[in-house]
Number of protein chains: 8
Amino acid sequence: MTDLPRTADLGFARLDPDRAARTGTPEVVYAAGKTPAETVACLAGLLDAGVPLAWATRVDEETAAAIRERWPAAHVDRGARVAWVGTPPEPVGSVLVLTAGTSDGGVAAEVAATLTASGVGWRRVDDVGVAGVHRVLAVAPDLAAADAVVVVAGMDGALPSVVAGLTDRLVVAVPTSVGYGAAFEGLAALLTMLTACAPGVLVVNIDNGFGAGVAAARIVRSAHRAAG
Amino acid sequence: MTDLPRTADLGFARLDPDRAARTGTPEVVYAAGKTPAETVACLAGLLDAGVPLAWATRVDEETAAAIRERWPAAHVDRGARVAWVGTPPEPVGSVLVLTAGTSDGGVAAEVAATLTASGVGWRRVDDVGVAGVHRVLAVAPDLAAADAVVVVAGMDGALPSVVAGLTDRLVVAVPTSVGYGAAFEGLAALLTMLTACAPGVLVVNIDNGFGAGVAAARIVRSAHRAAG
Amino acid sequence: MTDLPRTADLGFARLDPDRAARTGTPEVVYAAGKTPAETVACLAGLLDAGVPLAWATRVDEETAAAIRERWPAAHVDRGARVAWVGTPPEPVGSVLVLTAGTSDGGVAAEVAATLTASGVGWRRVDDVGVAGVHRVLAVAPDLAAADAVVVVAGMDGALPSVVAGLTDRLVVAVPTSVGYGAAFEGLAALLTMLTACAPGVLVVNIDNGFGAGVAAARIVRSAHRAAG
Amino acid sequence: MTDLPRTADLGFARLDPDRAARTGTPEVVYAAGKTPAETVACLAGLLDAGVPLAWATRVDEETAAAIRERWPAAHVDRGARVAWVGTPPEPVGSVLVLTAGTSDGGVAAEVAATLTASGVGWRRVDDVGVAGVHRVLAVAPDLAAADAVVVVAGMDGALPSVVAGLTDRLVVAVPTSVGYGAAFEGLAALLTMLTACAPGVLVVNIDNGFGAGVAAARIVRSAHRAAG
Amino acid sequence: MTDLPRTADLGFARLDPDRAARTGTPEVVYAAGKTPAETVACLAGLLDAGVPLAWATRVDEETAAAIRERWPAAHVDRGARVAWVGTPPEPVGSVLVLTAGTSDGGVAAEVAATLTASGVGWRRVDDVGVAGVHRVLAVAPDLAAADAVVVVAGMDGALPSVVAGLTDRLVVAVPTSVGYGAAFEGLAALLTMLTACAPGVLVVNIDNGFGAGVAAARIVRSAHRAAG
Amino acid sequence: MTDLPRTADLGFARLDPDRAARTGTPEVVYAAGKTPAETVACLAGLLDAGVPLAWATRVDEETAAAIRERWPAAHVDRGARVAWVGTPPEPVGSVLVLTAGTSDGGVAAEVAATLTASGVGWRRVDDVGVAGVHRVLAVAPDLAAADAVVVVAGMDGALPSVVAGLTDRLVVAVPTSVGYGAAFEGLAALLTMLTACAPGVLVVNIDNGFGAGVAAARIVRSAHRAAG
Amino acid sequence: MTDLPRTADLGFARLDPDRAARTGTPEVVYAAGKTPAETVACLAGLLDAGVPLAWATRVDEETAAAIRERWPAAHVDRGARVAWVGTPPEPVGSVLVLTAGTSDGGVAAEVAATLTASGVGWRRVDDVGVAGVHRVLAVAPDLAAADAVVVVAGMDGALPSVVAGLTDRLVVAVPTSVGYGAAFEGLAALLTMLTACAPGVLVVNIDNGFGAGVAAARIVRSAHRAAG
Amino acid sequence: MTDLPRTADLGFARLDPDRAARTGTPEVVYAAGKTPAETVACLAGLLDAGVPLAWATRVDEETAAAIRERWPAAHVDRGARVAWVGTPPEPVGSVLVLTAGTSDGGVAAEVAATLTASGVGWRRVDDVGVAGVHRVLAVAPDLAAADAVVVVAGMDGALPSVVAGLTDRLVVAVPTSVGYGAAFEGLAALLTMLTACAPGVLVVNIDNGFGAGVAAARIVRSAHRAAG
């Protein structure tokens, strides 16, 4: 097997600079388990290897500062805990991002930042939980205008079931760890979404706004590839 | 402590004939762990002790036949797996019983039979799951006419959250074991209902139509006591 | 669908000022996932929309201070972690609130504050756990005087089973996260209450004093509506 | 709210004939919890309401026979346990359906039947589990030709992680209940897929081939809508 | 290490004939995982090695018949699923065996048979669950007369907490798999008993009447050794 | 019911001063959920009601200081986190307390302090885990001299199985939360002990040294009552 | 990537005839999810591709008969549910296979058959559970003579901890689903083994005798490769 | 039993100085549950008893300082949290240590330090997760050169399945607690590894680098013993 993809070996990490070519999304640095210096080194390594947009998630304040020190023009989105160096592509398409409650906002911000970095457009409407189901019905025009829908919800996680029954767009459901007791850190919402009584719902890990964003970007790009 | 309630001792069982006086509901025979002969003996013991309506749940075909053989006029509700000997009181009040899907029908039947035996009126509307949320909105007049609402749902268990946001009646939520995989025999619906984003929802054990019916009867009787 | 309820859009939150009209309880601000400023903004938004009593739960010291700064006359109940702006309605009816142990007191305080804010009367008796079952028997007169009973218990969660066998009032059971080891943060008490051998017990989420209070208020109001 | 969608009320079921117009997929009859007669009645009700393709899943032998008796020209796919009455639309697009092992075949068949009924084309390649990772690498040309990928896997559920690192298509992961012991009826595969180290993976419930098929159809239709 | 206890090697089993000398209870054959022939061979091997009472638990009908065929005078207790060859010792002491409901009877029978085979006396009172707590109070004289108490309960498993608050005898709690839904095959009762709010409760495995009987016998023998 | 036991009502707590008469152990104050002032108030209330030894568990440094300030002669055992006011009875009998590892020492100290306060003698041998099974064999003389055995073990929790096969004394098994990963905070040890392959093992809650001590004291007192 | 291993495509299965060359063990047919005809077809396909020993596990009676019909000289081990066509290599080395109880025999038989098919010698000693720990000590000479040890145990799963403290050989631990209640189908034994207090224990899936055998064969072959 | 191994009794700990002779690895001090002084005392006790290399794991900064103060020449590996006094044996053999991601580095360091202390050689390659499966294929030469492989992975834990299909070396799989949400602190990776579709994988507890190192050392020594 002679033509394996390139690997950029930093010792503690082996970067995969061709990942964007293979998968449409570059290797993104998950900062949660790394020191600020390690995150910066990974971003630098990716830029050195020619990645146009080097990008990290789960960036805390200290890491954000380290990134800004190295690249003063870096973009930092504190609500989303996302940072990048470089310029995202012009956005195509549109993803509708809904949250059930205001506490789900941080995860929704990660979805939105991921879409922006991926070159995909989005519109966000917050706090449309099913306890006031008229709020869900009110987003019908937004559903019709979207290429795909991302629904972020904690507690009972019931919103994706209702949304998927109102639209023919794919619904990407993100359970959040919002809630207490029998919410079991997002488990209740996760199980609800996996057993949604309406088909057309697909699920990511608890609080995984990044994964939802990448998936939605794949859908939009798939549409644009077909359209192109 | 001299004035303890009476106990009717059958050897294998100690009946509690004063339970209706204390709690509003007589001791009800749970037939699932008993032979047909044992269930019949318990019913007979309760009748001997003066209980006006002797009543069993989780009655299978064989037990139903044994009851009918002993008391040809006994009432048997096969869908609800409930049987009784005697005449229920005239119904007062009204409970609305909703199901999310047709597979929840057996549990809803147990709710309804329990209400009838308890002397409480009911109205049942089936298959109003949130995948077609307009079906939920259509029951608004029924909600306004009810003293309390019992919602029976499996899979994602999302219906009580939506209903509780539409009414000021208490919502008794019954998770069912309908579903597969991550429904985990009703666990998903149970957790959803316990974490319902709308307050006003109370929960019973999975598939516990009897418990939901007794609870709803207590609420209706409470209202009538106040009104009386 | 033209006549949807109003929504007050704060950007990060979409308030539902007509919720009290629909459900008997206004939208209540869950402060746990919000900054003090966000909680204050939500309360202000609800007041602006004409809600007579704007109300928040899970209020920490910092949020309580922010509320007091904005509305010096605001009511703050530190034990219950509840705060409100405005005057609760005159109380009607009576709910008996029992705790199994002194450690369950914080959750019972949230139940009581919720009832007060809902315009429902209550009486509280603490520390009547089943390890000294005579303490339970001693509350029989209180049970007879109540419209409904809320039982708050951690550890083995056995108290609701005993209480429900002594009264015909509905028993709202609140498992608490009190206990260690196999109490599994309230899971043991939750399962006990869901499988209570006495019918007439309904269950809310672990530590959910607010939910228990709203449910009990719905029962009392139901009685008074019938009586009215 | 005057313009709610139509409901066809069969008493035990309330059909939703406009669901295809809203969501792209008609209401599909889940036969698992129904008698053969009930399933037939639901299919007939949908056809009466003008649905062009009436369709059921989890169809056992007895139900299949009842369908064939009523509609001799009905299509029955025994491997997929799917049956329909009417003619599916001409297929557009192409979904690649992969299985990790031969035991995952039944679930993959349900995916494929769902796609056919939805008017979407597919290609299926079986038994490409990661224990011989060269088998995965060999499907690279199939990945490039697909609009989306569905990966069906039990046991360790590792296949979606590998596939998502090789393609820019969305990967819909279906955990199956294949395996024993710590596979816990599909739980191990479900958790693996939810925590896939490669982004671009979305997950459905265990053994839920129908849900995966509907989701993949939404993606393909989204692409064709964009392209159209 | 030269003086290890004897082992009787049957090839498929290695019997431990000195176990009674070490632990007070002979090796008892657990018939559940064995063929009737294997159980008979184990009993014969123990008798050959001089054990005065050879004994098996979880004996089904077929195994009971095989034992009776080999030893026509063997004792078989069908309710307890216990059989033995030989004569139990004269009983000393007294253990009170309580059940919460009639469905717990089979496990209580195993407790009682184990005590008899161990040469310990017992008294059994059934169906004293906490839903009618006066039934528990009525056993106070039996508690005072016992050396130890075994409490057998399923569903909410609340009985041991109440009993342990009424007596200074050790309470051996046996959770049973009686119940459904959130009883989770005895898990709810197990957790309740482990977190009993009254001290003096010790717990065995779910449905483990044998283990409870052996433990109670150790307690009684300990008392008699001290008294002797 | 006229002759209920006395209750000392402190408002936030209802003390049960007759508990020692009923159960052999006085009400013991669980300090974990209380302020230092509340614990002191409970101890004072018990002393006022005539309890000869007032006693608290899970006492932290701050609470210990508050107790010492009020009663300078109070006994405080920091390792066990136990404190008492008054003089324990002269010890009778002997309990052997074994630990599997040094990390189990805190729980064993709580066992020992509970025994002392209960007037029961004990001997403690630490660090005899089964990884060096000769250490277990070496305690055989201690087993023969004991009235009962308490075994404290975390991680795999295997020690009680081995001990119960070496002695005819009752083995009280205490799982501890020592360990990481799949030890799941003591769950692994708890399950091991519940499924011990040797009978004669009874189990308490994870880390519940107090419960184990009270149970062992009941056994010893039972022996002495018989002997007396 | 031009030189991928060969694949033999049967349509429903893609065989991997070079697996023995890569991994030391040929692809082995897991018969549990296959029809007898499919298992026979897979075995035939492997033989056609030149595999010297074609081999299946989890073979039921019907499949065994189908194999015998096609290859009358096939070896079938009913206790192990293993069958093969061809002649295993001459055995090298020696693995000691221990069981805790007689009910673990079926899994141990699968270990032994796997070793034989892999060309590795073994010795098996049954029923050496820790309830009679002298039986474990008695196998010390067998431990010294082995290249590796496989320990098969259900219920408390305590045996590997004891064995690993007595030997410097690697201990492969196989939890079995033997036991009831809190054994949770092998989960208790699995957790015990994962948290074994003695290092040198590695664990396979519940009841996975095949996996343990392959792993032990890799160890023995590693030793012989080094020795060769 | 006269010839039991020696025990060095420190009061709070009973050291086992002959463990290396029995098992090939000396007793290693688990510092997590001990004070720095206790860890130092245990190391000193082992050295006093003649152990050539005294060794501790889970050593925090404070304990490391205490060790250095007592033995200035002690070796401390901060990344691995391991410290030792004395000189490890010359390394024999070679173990390949792989990590799926950079966050798994701390556990891999504990593996490597354990191997070094055990006198076994190793080579470590980091960050070869299956999201870029070419990185796995690139380690084929390292696999061929190793006596055994240790694979450290969190999140989906898929790497061991792929590696075991590429080599005939034993694969020791270490799940890590890296990941969030449905990773459930390493549970997802643990279940994945236990159900690996490729045989030849054995599993240790979550984050248990020490256990993996000891096991791998046993394999290498087994090979060298055979070779010797």
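Residue numbering restarts at 1 for every chain, and letters A, B, ... go by the order of the sequence lines.
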- Task: Starting at CG of C:Leu166, measure out to NE2 of E:His134 and round the result to the nearest 0.5 Å.
- Result: 9.5 Å
- Message: Between C:Gly101, C:Ala164, C:Ala131, C:Gly129, who has the most heavy-atom pairs with chain E when the cutoff is under 4.5 Å?
- Response: C:Ala131
- Selection from C:Pro199, C:Ala198, C:Cys197 maximising heavy-atom pairs under 4.5 Å formed with chain E: C:Cys197
- Query: Who among E:Ala158, E:Gly200, E:Ala196 has the most heavy-atom pairs with chain C under 4.5 Å?
  - Reply: E:Ala196
- Item | Proximity breakdown for C:Ala183 and chain E, heavy-atom pairs closer than 4.5 Å | both
- Item | Residue part contacting chain E, namely of C:Val133, when any heavy atom lies under 4.5 Å | side chain
- Task: For C:Glu185, look at atom CD and say whether over 12 heavy atoms of other residues, nucleotides or ligands are found less than 6.0 Å away.
- Result: no
- Message: Which heavy atom of E:Ala182 sits nearest to which heavy atom of C:Leu191, and what is that distance?
- Response: O-CD2, 3.8 Å
- Item | Gap between atom CG of E:Leu194 and atom CG of C:Asp156 - 0.5 Å precision | 11.0 Å
- Message: Quick one, C:Thr192 and E:Thr195 - any side-chain contact, counting heavy atoms below 4.5 Å?
- Response: no
